[in-house]
Engineer: 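Just passing along the structure, written as C-alpha cells.
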Amino acid sequence: MRYISTRGQAPALSFEEVVLTGMASDGGLYVPEHVPELSQDELAAMAGLSYAEIAFRVMKPFVNGEIDDETFRGIVKEAYATFSHDAVVPLNQLDANHFLLELFHGPTLAFKDVALQLLGRILDHFLKKRGERAVIMGATSGDTGSAAIEGCRHCDNLDIFILHPHNRVSEVQRRQMTTVLADNVFNVAIEGNFDDAQAMVKASFADQDFLNGTRLVAVNSINWARIMAQIVYYVASAVALGAPQRKVSFCVPSANFGNVFAGYMAYRMGLPVERFVIATNANDILHRTLAANDFSKKELVATLAPSMDIVVSSNFERLLFEAYDRDGKAVDALLERFQAEPTALAEAPLSRLRERFASHSVDDSTILEVIREAHHRTQEILDPHTATGYRAAERERGDESVPMITLATAHPAKFAEAVVKAGFPGVPLPPHMDDLLEREERYTVLPAELSAVQRFVAENRR
Ligand SMILES: *Cc1c(COP(=O)(O)O)cnc(C)c1O
C-alpha cells in the first residue's frame, strides 16, 4: 500500500512516511493508492469482537505490515484502554431507529481522542525505531490542543508545544491542556488571538531552521493516520446494528470534513451505507456546496458549536479527489480557483456526491431549540455540536427503515455555555475529571512574536 497526493504531483509515500509527513509537497493531501476491501464475510466475522480487535482488523491493510501485527495490536489496545466506557464508543438508542454513537468517552471528552490516542503512539513507535526525536507544534482554540496533548503525554520521543490565545479559551478547555504536567508537554499562552497563534505555527512549518534539523510533525486532521483511526467506529457501529446484512445511514457534525471522510472510506471499503448526512453550524460551506453548488468562502461566524467554526473544510479535498475520478490536475485547478474567487463544482462530480451525501445547516438559535427538544423527547442532553447532527438527521432522514446513526462528537459538560443557554442547570464533569478545577496548572505566557515562540521551542525541546 502506497499513499498518493490529491494534487497528483508529489511522490508516493509508505505508511510510515505518510504518518511523519503533513501536507504533500504539491500542496495536496495524501490518500491510499487503492482502497482495501472488507468482504461481507470479514464484516460478518466482526460481530461481537472487542472495539480494539475490530480496530486492528480495519486498519491492518493501511498499515501494510510496516508495524508487525503483534506490536500494532498492542498499540491499538493501549490507545483504547484510555476510554472510560468498556465499549469505547457505545451506541445509545434514541427512538425507534435513531441512534447516537457516543464518541466522547476518551480523556478529553471529544471524538478527537479516538484518532489522537492512536496517532501519538504510532508516531512514537516509528521515531523510536528510527532513533529520532520529533517536535509537535499546534495552535488551538480549544478542542484539538487537549486531545493532542493527551495523545502525546506518554510518548518518549516526542515533545509537544501547543499555542492557545491567552484568556480566550474556556476555563475547562484551558485546564484540560495546562494540568497535564508531563515533561514533554509545553503549553504556550499567546498574547494575541487564535489567528496569531495559527500563523506562527504555519510559519514554523514553512521554515524549520530554528529546530536545527529536528523533525516537526503536524497532528492536525490532514494527517492520514487520523482518518484511518476514524474509519473504525463507522464499521464497528454498523456491524453492531446488523451490517453487512443490514444497511445503515450516518449523520456527522462536520467542519474540516475529516470525520465524515473517514465514513466515506468505510463505505468504499465495502460497508453498506445508505447515505451520509453532513451537519454544519452557521459556517456552512459544505452545505452550500452540496445543496446549491456554491463553493465559496464566507466570513467566519463565532457559534455555540465552536469546534465546527471554519471557513474552509481542508479534508473536503480528499472527497473531491474521488468525485473527480482521482484527477489530481482537475482538483488542483478547482482549488486554485476556489482560493481566488467563488466557484462551483463540475456537474458530473457534483451529482456523484449527491448520490451518497445530504446536508443541513443549523444556526445558533436552532441549536438551543434542538437541545431542549431532544431532551424533551429522549431525556438526553446533547452538546451543541451533536445538536446540529440531531436536527440534520431528522430533516434528512431518508428511508425510515434504515437505522440512522448520529455521531455524538463531544460530551455536553465540555460545552456548558450552550447547555445553560438552552435553560439547563449545566452538566457535571464525569468522575475522572471532577477535580479539574483544583488541579495544578502549568503554562508560559509569550508575546505574539514568532522569534519569541521559536526560541522557547528550541530551548525547551528535549
Ligand atoms: C473537530 C470537531 C468537529 C468537526 O470534525 P471534522 O472532522 O473537522 O469535520 C465536530 N465536533 C467536535 C466536538 C469537534 O471537536
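Residues: numbered from 1 along the sequence shown. Counting starts at 1 for both ligands and their atoms, in listed order.
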Engineer: Of the listed options (Ser313, Ala255, Gly389, Gly258), which comes nearest to atom 4 (C) of ligand 1 when hydrogens are ignored and any heavy atom counts?
Structural biologist: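 Checking each option, the heavy atom nearest atom 4 (C) of ligand 1 is found in Ala255.
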
Engineer: Run the salt-bridge test on Glu53 and Arg57 with the 4.0 Å N-O cut-off and return the result as yes or no.
Structural biologist: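 Salt bridge present between Glu53 and Arg57.
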
Engineer: Could you find the nearest protein heavy atom to atom 8 (O) of ligand 1 and give me its residue, atom name and distance?
Structural biologist: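 The closest one turns out to be Asn256 N, 2.8 Å.
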
Engineer: Can you find an N/O atom of Phe257 closer than 3.5 Å to an N/O atom of ligand 1?
Structural biologist: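 Yes - when backbone and side-chain N and O of Phe257 are compared with those of ligand 1, one distance drops under 3.5 Å.
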
Engineer: Nearest protein heavy-atom contact for atom 14 (C) of ligand 1: which residue, which atom, what distance?
Structural biologist: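 Protein heavy atom at minimum distance: Lys112 NZ, 2.8 Å.
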
Engineer: Under a 4.0 Å N-O cut-off, is there an ion pair linking Arg377 with Glu394?
Structural biologist: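 Result for this pair is yes, salt bridge flagged.
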
Engineer: Main chain of Ser25, side chain of Arg7: is a donor-acceptor contact present, judged purely on distance under 3.5 Å?
Structural biologist: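 Answer holds: no.
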
Engineer: Can Arg275 and Asp399 be counted as an ion pair, charged N to O under 4.0 angstrom?
Structural biologist: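 Answer for the salt bridge query: no.
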
Engineer: Evaluating non-hydrogen atoms only, which member of Thr280, Asn259, Asp143, Leu103 is closest to atom 7 (O) of ligand 1?
Structural biologist: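 Among Thr280, Asn259, Asp143, Leu103, the closest heavy atom to atom 7 (O) of ligand 1 belongs to Asn259.
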
Engineer: Aromatic rings Tyr267 and Phe276: how do their planes relate, parallel, tilted or perpendicular, breaks at 30° and 60°?
Structural biologist: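 Aromatic pair Tyr267/Phe276 classed perpendicular.
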
Engineer: Heavy atom of Phe104 under 4.0 Å from ligand 1?
Structural biologist: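 No; Phe104 lies far enough from ligand 1 that no heavy-atom distance drops under 4.0 Å.
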
Engineer: Give the numbers and elements of all ligand 1 atoms closer than 4.0 Å to a heavy atom of Ala410.
Structural biologist: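 Checking each atom against Ala410, I get 13 (C).
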
Engineer: Does the distance from a Lys or Arg side-chain N to an Asp or Glu carboxylate O, for Arg2 and Glu33, drop under 4.0 Å?
Structural biologist: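 Salt bridge absent between Arg2 and Glu33.
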
Engineer: Which of the atoms of ligand 1 are close to Ser307, meaning less than 4.0 Å from one of its heavy atoms?
Structural biologist: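 So the answer, numbered in order with elements, is 1 (C), 2 (C), 3 (C), 12 (C), 14 (C), 15 (O).
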
Engineer: With a 3.5 Å distance limit and no angle check, can you tell me whether Arg354 reaches the backbone of Leu290 through a side-chain donor-acceptor pair?
Structural biologist: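 Yes: the side chain of Arg354 pairs with the backbone of Leu290.
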
Engineer: Tell me whether His385 has any N or O atom under 3.5 angstrom from an N or O of ligand 1.
Structural biologist: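 For ligand 1, there is no N or O atom that lies under 3.5 Å from one belonging to His385.
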
Engineer: To check your reading of the model: name the closest protein heavy atom to atom 3 (C) of ligand 1, its residue, and the distance in Å.
Structural biologist: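 Going atom by atom, the protein heavy atom closest to atom 3 (C) of ligand 1 ends up being Phe111 CE2, 3.6 Å.
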
Engineer: Tell me, do Arg288 and Thr280 make a side-chain contact under 4.5 Å, heavy atoms counted?
Structural biologist: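 Arg288 does not reach Thr280 side chain to side chain.
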
Engineer: Counting non-hydrogen protein atoms only, what is the nearest one to atom 12 (C) of ligand 1? Give residue, atom name and distance.
Structural biologist: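 Checked against all protein heavy atoms, atom 12 (C) of ligand 1 sits closest to Thr409 OG1, 3.5 Å.
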
Engineer: Could you check whether any heavy atom of Ser254 sits closer than 4.0 Å to an atom of ligand 1, since that is the contact criterion I want to use?
Structural biologist: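 So Ser254 counts as touching ligand 1.
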
